[in-house]
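The shown structure was predicted, so the numbers you read here are calculated from the model rather than taken from an experiment.
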Amino acid sequence: MRTIKIRLSVIAALSGMMLLAGCDVLDTAPYDKFSEDLVWESRANADAFVFGTYDAVVKAMCTDFGTEDAWTNNNIDTRGKNETREQITRDDNFGFNKFSQIRRCNLIIQKASESTVLNEADKRELIAEGKFLRAMAYFWLAKRFGIVVWVDRVLTADEETYQLPTTPDVAATYDHLLKDLQDAVDGMPETALPGRASKYAAYALMSEVCLQAAAYTGNAGLYQQAIDAADKIIDSGRFTMDPDYEGMFSDKNRYSKEIILATYRLKSNTTCEGTEMQWTTPNADNDKLAKTGATPLFEGTSPFQGWLYHSPSQNLVDEYLVIDRLTGTAVRWDESSQFKANVTKTPPVTTEMVDAGAVSTDIRLNELIYADRDRRFYGTFIYDSCLWYGQTVTTCIRGNLYRRVGDELAGHIGLTNYYWKKGDYAVTPYVFYNTPTEYHWVIFRLGRVYLNKAEALLRQNRISEAVEMLNQTRVVHGGLPPSEAGDPEEAWTDYKRERRVDLAKEGDYYWSLLRWGKYGGPANGGLSPGSRIPELEAPPTHIDITKDRKSYVIEEITFNMNNVRNFDATRRYLLPIQHSQRVRNPNLGQNPNW
């Protein structure tokens with residue numbers, strides 16, 4: 001552990017030396033406080049520059065959940081999103097300019113290649129690592145825009161940098177990406193310190209790139225490449241599935257054997273404001289509770305001092321299955337025998353109402369709805385009558401974290417009566433913008449690789465093998481009985497649920513929905529390839545449970561037009577390249593209907 005901290009201290013110091021000034025369109029010259037020769041005169045200095053590039057490139061893969069997940073009904077943003085209402089224009093900026101990141105990657109590749117000081121083994125590893133990072137930066141772009149400006153060298157100030165064209169099509173973009181990744185796996189080491197990529201991280205990225213590329217190019221041969229890349233990781237025996245799902249995303253088990261690549265932060269350079277916790281922790285105290293008679297009051301100082309913008313939906317919660325106490329099968333929570341024996345459903349009485357019911361026995365509703373769940377439920381959500389930061393929190397009507405506590409919606413309280421637990425750290429004294437904390441974001445892990453392989457097998461119609469793969473996460477992480485799906489429709493239903501649940505809050509769901517929409521058929525509700533995507537049009541919902549836990553209602557979230565969901569299949573499979581970028585460079589292409 002001491003080695004990692006020393007290494008990170010060097011990274012922080014040298015990254016401060018290597019300040020690269022950004023250009024509006026393409027960066028062409030770094031303005032360094034120290035000469036580049038100093039950086040590349042030793043492996044230690046070169047490593048510091050590489051780690052600065054990790055911070056710029058890798059973290060973007062996992063910290064956009066608040067943006068892209070809010071485009072789905074998984075994660076509800078209190079501010080509302082134009083993207084969900086299909087109000088995007090070509091003037092919007094979706095991040096097409098990543099050229100400073102790409103320049104850093106190209107500097108690693110070029111400077112390592114030209115070095116007369118580094119030995120051949122070091123040069124080989126650094127070049128491969130630069131290509132891995134470049135592929136990661138471009139994959140972020142490829143998912144959004146399809147076509148990119150592929151820059152594979154360090155540009156000079158006298159080049160016509162403003163006139164570089166985009167790739168001719170999506171296939172060309174992914175050809176470049178996969179070539180970089182093949183070079184990466186050929187040159188990267190098999191082992192690496194936590195926070196740094198090994199060749200297995202490159203294989204993990206390759207397995208996912210192949211899926212996205214196949215969906216957008218129609219190249220079915222890429223599914224086997226995805227399987228082969230996944231098998232390199234699985235067969236290596238270096239990673240194992242972790243039954244402690246919650247711990248993998250918290251301070252309990254941040255170096256889990258399941259993790260292939262994560263990005264780690266230390267207390268010395270991280271506060272809650274620099275993590276997701278600041279934006280997923282509510283803001284409530286006993287004064288706010290007193291306004292509506294909410295109970296129970298918090299013991300001592302309220303630990304809920306965050307600035308919440310994001311909360312998980314009832315739609316997502318519905319995907320976490322329950323084990324039926326009579327049959328032992330995994331079913332939806334309102335389809336279990338224990339629920340049906342004790343609750344009577346009632347018909348909707350408003351246009352926003354989705355579901356309602358009342359208990360006919362002495363059992364409390366929260367005991368019926370939240371007991372016997374998929375184990376990942378308890379590591380992902382905060383729900384009615386559970387413990388959070390040592391406090392009993394209640395999200396029923398007039399509960400202490402009810403959506404209308406303080407008699408208002410929003411106000412940094414969740415809109416859904418659920419809160420995110422996944423990614424929570426135990427911090428002292430509590431989550432506050434300037435509270436120091438260690439933190440990590442998981443980029444790739446073995447469970448994700450199994451799911452990538454499952455999807456590729458489904459596309460090859462190898463149903464039983466695909467089900468075996470999805471059962472790795474379902475059984476080990478979820479504690480559920482294995483899926484016995486035997487036909488494509490059943491297998492895709494179980495697979496889509498499994499990916500949604502296991503990768504919740506990991507920045508995956510929106511891009512997977514697009515991919516499945518491109519596939520069509522059983523991957524997208526039987527619709528033709530490239531059609532509308534029903535999940536992106538489904539309104540998000542919340543649950544209200546009465547104070548006595550005897551009745552409940554599930555309704556659409558109408559605050560800030562959160563329930564308005566549209567998806568224009570003629571153009572939304574790719575985002576627009578910002579018009580101002582195209583004005584500066586007329587050689588940039590544009591995606592259809594933008």
Peer 1: Does NZ or CZ of R459 lie under 6.0 Å from the centre of the six-membered ring of Y519, at an angle within 45° of the ring axis?
Peer 2: yes
Peer 1: When you measure from the centre of the six-membered ring of W140, is the NZ or CZ of R144 under 6.0 Å away and within 45° of the axis?
Peer 2: yes
Peer 1: Quick check on the 6.0 Å ring-centre criterion: do W388 and F304 meet it?
Peer 2: yes
Peer 1: So which atom in L133 and which in V57 form the shortest heavy-atom distance, rounded to 0.1 Å?
Peer 2: O-CG1, 3.5 Å
Peer 1: In this structure, is the centre-to-centre distance between the rings of F377 and Y383 below 6.0 Å?
Peer 2: yes
Peer 1: Flag the pair L181 / V209 as yes when at least one side-chain heavy-atom distance between them is below 4.5 Å, and no otherwise.
Peer 2: yes
Peer 1: Should the pair R445-D502 be classified as a salt bridge under the 4.0 Å nitrogen-to-oxygen rule?
Peer 2: yes
Peer 1: Do Y389 and Y430 make the cut of ring centroids closer than 6.0 angstrom?
Peer 2: no
Peer 1: Please determine which of R124, R134, K199, R196 meets the side chain to side chain donor-acceptor pair (under 3.5 Å) test together with E129.
Peer 2: R196
Peer 1: Parallel, tilted or perpendicular: which one describes the rings of F96 and F99, with boundaries at 30° and 60°?
Peer 2: perpendicular
Peer 1: Could you label the plane-to-plane angle of the F132 and Y54 rings as parallel, tilted or perpendicular, counting under 30° as parallel and over 60° as perpendicular?
Peer 2: tilted
Peer 1: Regarding K421 and the six-membered ring of F381, is the cationic atom NZ or CZ under 6.0 Å from the ring centre and inside 45° of its axis?
Peer 2: no
Peer 1: Taking all atoms of both residues into account, what is the closest heavy-atom pair of T271 and T437, and its distance?
Peer 2: C-CG2, 4.0 Å
Peer 1: Less than 6.0 angstrom separating the ring centers of H412 and W307, yes or no?
Peer 2: yes
Peer 1: Does the ring of Y573 carry K518 above it, NZ/CZ under 6.0 angstrom from centre and within 45° of its axis?
Peer 2: yes
Peer 1: Within this structure, what is the CG-CD distance for the pair L514 and Q212, rounded to the nearest 0.5 Å?
Peer 2: 7.0 Å
Peer 1: Which pair of heavy atoms, one from C210 and one from L178, lies closest together, and at what distance?
Peer 2: SG-CD2, 3.8 Å
Peer 1: Distance under 6.0 Å and angle within 45° of the ring axis: does R373 meet both against Y378?
Peer 2: no
Peer 1: Verify whether the ring centers belonging to Y264 and Y255 lie closer than 6.0 Å.
Peer 2: yes
Peer 1: Could you check, using the six-membered ring where one of them is a Trp, whether W441 and Y439 have ring centers closer than 6.0 angstrom?
Peer 2: yes
Peer 1: Can you tell which of R499, R497, E498 makes a side chain to side chain donor-acceptor pair (under 3.5 Å) with Y495?
Peer 2: R499
Peer 1: Which of these passes side chain to side chain donor-acceptor pair (under 3.5 Å) with Y425: E276, K252, H440?
Peer 2: H440
Peer 1: Indicate the atoms forming the closest heavy-atom contact of A284 with Q305, along with that distance.
Peer 2: O-NE2, 4.3 Å
